[in-house]
Amino acid sequence: VGQCVLQWKQRLKKMAGPSKKTQKYDRQLRLWGDHGQNALERARVCLVNASATGTEILKNLVLPGIGSFTILDDKKIVAADFGNNFFLPPGTLGQSRAEVACAALCELNEFVNGDFVDDSLEKVLDDNPGFFHTFSLVIITQPAEHSLLRLAAFLWQAKIPLLVVRSYGMVGFLRLVTHEHTVIEAHPDNALPDLRLVDPFEELLEFSSKIDIDGLSDADHAHVPFVIILLQAIQKWRGEHCGALPTSRADKDSLRAAINAMIRQDENGFPKDEVNFQEALNNVNVAVAPASIPSAIRELIEEQDSRALQSDASDFWVMTKALAEFVRDHGVMPLPGAIPDMTCSSDNYLRLQEAYKSKAGKDQAVILARIQSLLLSIERPPEAIPEADVRMFCKNAAFLNVIRTSSLAQEYSPDTFKKSEIDSQLEDPSSVAAWYVLLRAADRFNATHGHYPGSFDGGLEEDVVNLTQSVTQLVQEWGMDVNINEDQIHEMCRFGASELHTVAAFIGGTAAHEAIKIVTKQFVPVNNTYIFNAASGAGAIFQF
């Protein structure tokens with residue numbers, strides 16, 4: 001009876017149509033799926049400083065439905081805030097910046113919870129550093145160097161990811177700091193299908209054997225899946241060449257000629273326009289490539305083989321250990337089971353799809369059994385990793401990714417700073433690498449003089465001289481012999497540490513993208529520093 005009631009409730013739910021939340025998030029659900037949306041809605045984000053950049057980041061997290069956010073900021077709203085921060089409305093002069101921004105951002109999405117703490121970062125770090133333990137991600141904007149390094153050190157120890165985001169004049173800056181970030185659903189662009197035509201599996205061979213291409217009607221002939229055309233053509237070619245694969249250009253041309261010969265002719269002796277055969281010709285290179293282990297995956301497998309699985313291992317590493325065992329025993333990756341769109345009949349497509357899904361399901365069952373065995377070996381229940389997660393892992397196993405960044409302490413130490421990332425680029429005046437040096441020098445200038453270069457009226461030339469000294473000191477500490485363009489030093493002083501809304505909006509949107517990647521564990525985040533020059537539209541990634 002209970003089962004009947006449950007089925008009836010599910011039927012009524014379907015009849016009622018999509019929920020208000022599903023309708024609201026329909027477009028993004030197509031990007032990262034229900035499980036990605038659920039991860040987003042479970043996330044708790046802390047923003048330190050409700051600057052223009054900070055509120056732009058939160059805007060782009062609140063709209064897609066981040067679970068909750070908390071703003072930490074003790075500043076009061078000043079007149080200058082009205083010029084670049086759209087979430088601080090007129091009439092709020094002198095009020096708490098955190099409180100006003102929080103209220104405005106909450107109006108964007110009724111499903112998101114917002115909160116604020118009207119305290120300074122330094123006070124929280126002194127009195128209640130455990131405050132940060134409740135967050136999935138901490139984002140800090142427009143930070144003072146001393147406070148930034150204190151926060152970064154604490155979060156690094158707590159293994160909580162940190163995003164540092166700055167908008168400084170015409171320069172945007174983003175830095176991800178995380179011990180380790182694992183990605184299963186990388187969503188690679190232009191990924192090639194894994195068709196296994198060189199070493200076909202039983203289900204595919206069985207389906208192919210039921211299709212006699214030469215004996216089909218003209219209509220059916222034009223709707224044979226290109227996968228079957230290629231499979232039969234490769235098998236015939238190998239039979240004529242002692243089982244060898246077509247590897248050279250001449251071999252592949254010979255295979256293409258054999259496929260062209262399979263195209264039927266019209267009454268005038270001209271080849272018919274059979275799109276499925278053209279698709280087969282276009283995919284020859286993909287079809288004849290043997291199944292291989294991607295180099296990045298091989299490195300992960302070797303890493304797992306070199307160490308024992310610990311009881312506190314994440315689900316990702318347990319599944320990767322099982323993958324390593326599968327690859328060692330079978331010599332190939334588990335079949336993803338997906339096939340590309342193609343010109344063929346619906347019946348043929350569904351039957352072909354079923355063949356690939358059947359084989360993929362068998363591979364997933366093998367890996368699931370290994371995962372359950374591994375979980376038992378580290379005294380965890382075998383059902384600790386859901387079967388749905390295993391299916392997703394196997395489907396995306398060829399594109400697993402692990403991001404490990406350096407800490408800010410390593411970056412800010414002259415002994416461990418990776419100067420090779422910018423050394424050669426500083427010789428190019430159009431490179432954005434110079435802006436990294438200038439941002440670091442501006443922070444040093446601020447620590448020494450109590451203000452950022454050019455941030456006060458008058459004294460600009462004096463600030464240029466002092467900033468030049470800061471740059472010189474910095475590059476000498478790094479052991480580099482380079483000169484920063486004088487025009488860029490002057491420009492940095494003219495910026496006056498201003499936060500332009502257009503730059504804040506761009507780098508804020510970029511940071512929000514990275515934040516979503518981190519909390520959903522989908523797509524590959526930047527590793528680890530992105531710098532954008534709004535004046536030229538140029539950007540670059542550095543791994544400091």
Side-chain angles (χ1 to χ4, degrees), residues 188-294 331-360 395 398-399:
D189 295 327
N190 304 316
L192 297 176
D194 187 356
L195 300 175
R196 305 288 171 93
L197 299 183
V198 168
D199 187 17
F201 47 91
E202 180 183 345
E203 293 86 347
L204 181 58
L205 287 172
E206 182 181 350
F207 174 56
S208 176
S209 67
K210 297 175 181 178
I211 299 178
D212 177 13
I213 295 179
D214 292 336
L216 296 174
S217 67
D218 286 352
D220 289 339
H221 192 268
H223 289 85
V224 177
F226 81 80
V227 172
I228 301 304
I229 297 170
L230 279 168
L231 176 59
Q232 295 191 9
I234 291 171
Q235 288 180 315
K236 183 178 179 181
W237 194 95
R238 295 183 73 176
E240 296 170 351
H241 295 80
C242 303
L245 283 173
T247 53
S248 68
R249 181 172 180 177
D251 289 344
K252 293 174 185 177
D253 287 343
S254 172
L255 178 60
R256 289 189 180 93
I259 295 172
N260 272 315
M262 297 167 68
I263 300 175
R264 291 189 176 170
Q265 299 180 346
D266 60 20
E267 60 274 11
N268 297 316
F270 293 105
K272 290 186 175 181
D273 186 17
E274 294 185 303
V275 179
N276 54 336
F277 281 87
Q278 187 57 51
E279 289 173 344
L281 291 168
N282 293 341
N283 284 277
V284 164
N285 288 334
V286 175
V288 300
S292 61
I293 314 300
V332 294
M333 299 288 288
L335 187 72
I339 58 174
D341 292 336
M342 61 189 75
T343 302
C344 68
S345 65
S346 297
D347 181 61
N348 276 338
Y349 189 86
L350 291 173
R351 290 165 62 197
L352 180 65
Q353 189 177 57
E354 181 58 35
Y356 275 86
K357 283 185 175 180
S358 176
K359 171 58 176 170
K395 182 180 177 182
F399 307 106

Q: Under the side chain to side chain contact (heavy atoms under 4.5 Å, CB included) rule, what do L352 and V227 come out as? Steps first, then yes or no, please.
A: CA-CA 9 Å; L352 180 65; V227 172; 4.1 Å; yes

Return the minimal non-hydrogen interatomic distance between [X] and [Y], and the atom names on each side.
X	Y	result
I259	A233	CG1-CB, 3.8 Å
F201	A355	CE1-O, 3.6 Å
W237	S254	NE1-OG, 3.1 Å
A191	P188	CB-CG, 3.8 Å
T343	A222	CG2-O, 4.2 Å
A287	L230	CB-CD1, 3.7 Å

Q: Go through the steps to decide whether D214 and Q232 satisfy the test side chain to side chain contact (heavy atoms under 4.5 Å, CB included), and finish with yes or no.
A: CA-CA 11 Å; D214 292 336; Q232 295 191 9; over 6 Å; no

Q: Please tell me if the side chains of P340 and F226 come closer than 4.5 Å, counting only heavy atoms from C-beta onward.
A: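 Contact flag for P340/F226 side chains = yes.
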
(Q) Do H241 and P246 make a side-chain contact, defined as non-hydrogen atoms from C-beta onward lying under 4.5 Å apart? (A)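 No, side chains not in contact.
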
Look at the side chain of [X] and the backbone N and O of [Y], then say whether any donor-acceptor pair between them is shorter than 3.5 Å.
X	Y	result
N276	C344	no
D266	N268	yes
Y356	L195	yes
E279	M342	no

Any chance you could measure [X], atom [atom1], to [Y], atom [atom2], to the nearest 0.5 Å?
X	Y	atom1	atom2	result
I263	Q278	CD1	CD	7.0 Å
K210	E206	NZ	CD	4.5 Å
N285	K252	CG	NZ	4.5 Å
L204	S358	CG	OG	11.0 Å
N260	L281	CG	CG	5.0 Å
I228	L197	CD1	CG	8.0 Å

Q) Among V288, L255, L245, which residue meets the side-chain contact (heavy atoms from CB on, under 4.5 Å) test with R238? A)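 When V288, L255, L245 are each tested with R238, the side-chain contact (heavy atoms from CB on, under 4.5 Å) holds only for L245.
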
Q | For L335, the option from K357, K395, E203, R196 that meets side-chain contact (heavy atoms from CB on, under 4.5 Å) | A |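 Exactly one pass, corresponding to R196.
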
Q | Trace of the side chain to side chain contact (heavy atoms under 4.5 Å, CB included) decision for L216 with I211 | A | CA-CA 8 Å; L216 296 174; I211 299 178; 4.1 Å; yes

Q. For E202, does the CD atom sit with more than 12 other heavy atoms under 6.0 Å from it, leaving out its own atoms?
A.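 Count not over threshold, so no.
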
Q: Go through the structure and list residues passing ring pair (Phe, Tyr, Trp, His ring centres under 6.0 Å) with H221, not counting sequence neighbours.
A: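 Ring pair (Phe, Tyr, Trp, His ring centres under 6.0 Å) list for H221, sorted by chain: F277.
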
Q) Which residues pass the side-chain hydrogen bond (donor to acceptor under 3.5 Å, both in side chains) test with D218, sequence neighbours left out? A)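 Testing D218 for side-chain hydrogen bond (donor to acceptor under 3.5 Å, both in side chains), a comparison that skips the adjacent residues, returns R264, K272.
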
